[in-house]
Amino acid sequence: GGFCRACEADAIERLDAIARGQVVLSLDEDLPHRGQAAIFRDKNGALKIETWKTYAGGEAECVLATLAASGMPSYVSPLFIAQDPNYLWPLIADHGSIRAAVEF
């Protein structure tokens with residue numbers, strides 16, 4: 001099927017870092033043609049950096065609302081959302097947590 005163990009492992013690392021408050025997000029697109037940066041520590045304490053594209057206002061929220069309206073709760077689960085850094089980090093930057101984004 002479409003299950004990706006590496007994607008799930010990456011998502012768990014992102015969620016753990018968020019839960020520990022050990023994530024720093026850039027405020028601007030300071031990396032030309034790469035987007036903004038998320039810097040966090042993985043489960044072994046090593047620093048990781050991921051880039052994510054800056055979307056126009058509300059795009060990530062529109063995707064989240066569409067997935068929530070789909071009637072399939074697994075599509076709004078943190079584990080699903082955190083598999084895509086281009087989807088996760090804008091929600092965290094704008095709302096602070098996935099739950100706050102869902103309730104928005």
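Only this structure's heavy atoms are used, side chains among them; waters, hydrogens and symmetry mates stay out. Please read all numbers here as calculations on a predicted model, not as lab measurements. Numbers for residues simply follow the sequence, beginning at 1.
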Original post:
At what distance, to the nearest 0.5 angstrom, does CD1 of I81 lie from CG of L15?
Top reply: 9.0 Å

Subject >> I92 vs V23 side-chain heavy atoms within contact, under 4.5 Å >> reply: no

Original post:
What pairs with C7 under side chain to side chain contact (heavy atoms under 4.5 Å, CB included), at least two apart in sequence or on another chain?
Top reply: C4, Q83

Subject >> side chain to side chain donor-acceptor pair (under 3.5 Å) partners of residues 66-79, not counting sequence neighbours, each pair once >> reply: none

Subject >> Any pair counted as salt bridge (charged side-chain N to carboxylate O under 4.0 Å, His left out), so long as it reaches residues 9-25, sequence neighbours left out >> reply: E13-K48, R14-E50

Original post:
Considering only heavy atoms from C-beta outward, does the side chain of Q22 approach that of F40 to under 4.5 Å?
Top reply: no

**OP:** Can you sort out the partners of A100 under side chain to side chain contact (heavy atoms under 4.5 Å, CB included), two or more places apart, ordered by chain and number?
**Re:** H95, S97

Original post:
How would you list all residue pairs meeting salt bridge (charged side-chain N to carboxylate O under 4.0 Å, His left out) that involve residues 88-97, not counting sequence neighbours?
Top reply: none

Original post:
Under 4.5 Å between side-chain heavy atoms, hopping through other hydrophobics if needed: is there a path connecting L64 to F104?
Top reply: no

**OP:** Might you work through the side chain to side chain contact (heavy atoms under 4.5 Å, CB included) test for W52 and L25, ending with a clear yes or no?
**Re:** CA-CA 10 Å; W52 49 284; L25 301 177; 4.2 Å; yes

Original post:
Going by heavy atoms in the side chains, are I18 and L88 under 4.5 Å from each other?
Top reply: yes

**OP:** Before giving the answer on side chain to side chain contact (heavy atoms under 4.5 Å, CB included), spell out for F80 and L67 the whole-Å C-alpha distance, their side-chain angles and the decisive distance to 0.1 Å.
**Re:** CA-CA 11 Å; F80 179 81; L67 291 174; 4.1 Å; yes

Original post:
About how many Å separate CD of E59 and CG of N86, when rounded to the nearest 0.5 Å?
Top reply: 11.0 Å

Original post:
Rounded to the nearest 0.5 Å, what separation is found between the OH atom of Y87 and the CD1 atom of I98?
Top reply: 8.5 Å

**OP:** Report yes if some heavy atom in the side chain of L47 is under 4.5 Å from a heavy atom in the side chain of R41; otherwise report no.
**Re:** yes

**OP:** Sequence neighbours left out, what passes salt bridge (charged side-chain N to carboxylate O under 4.0 Å, His left out) with R99? Give chain and number order.
**Re:** E103

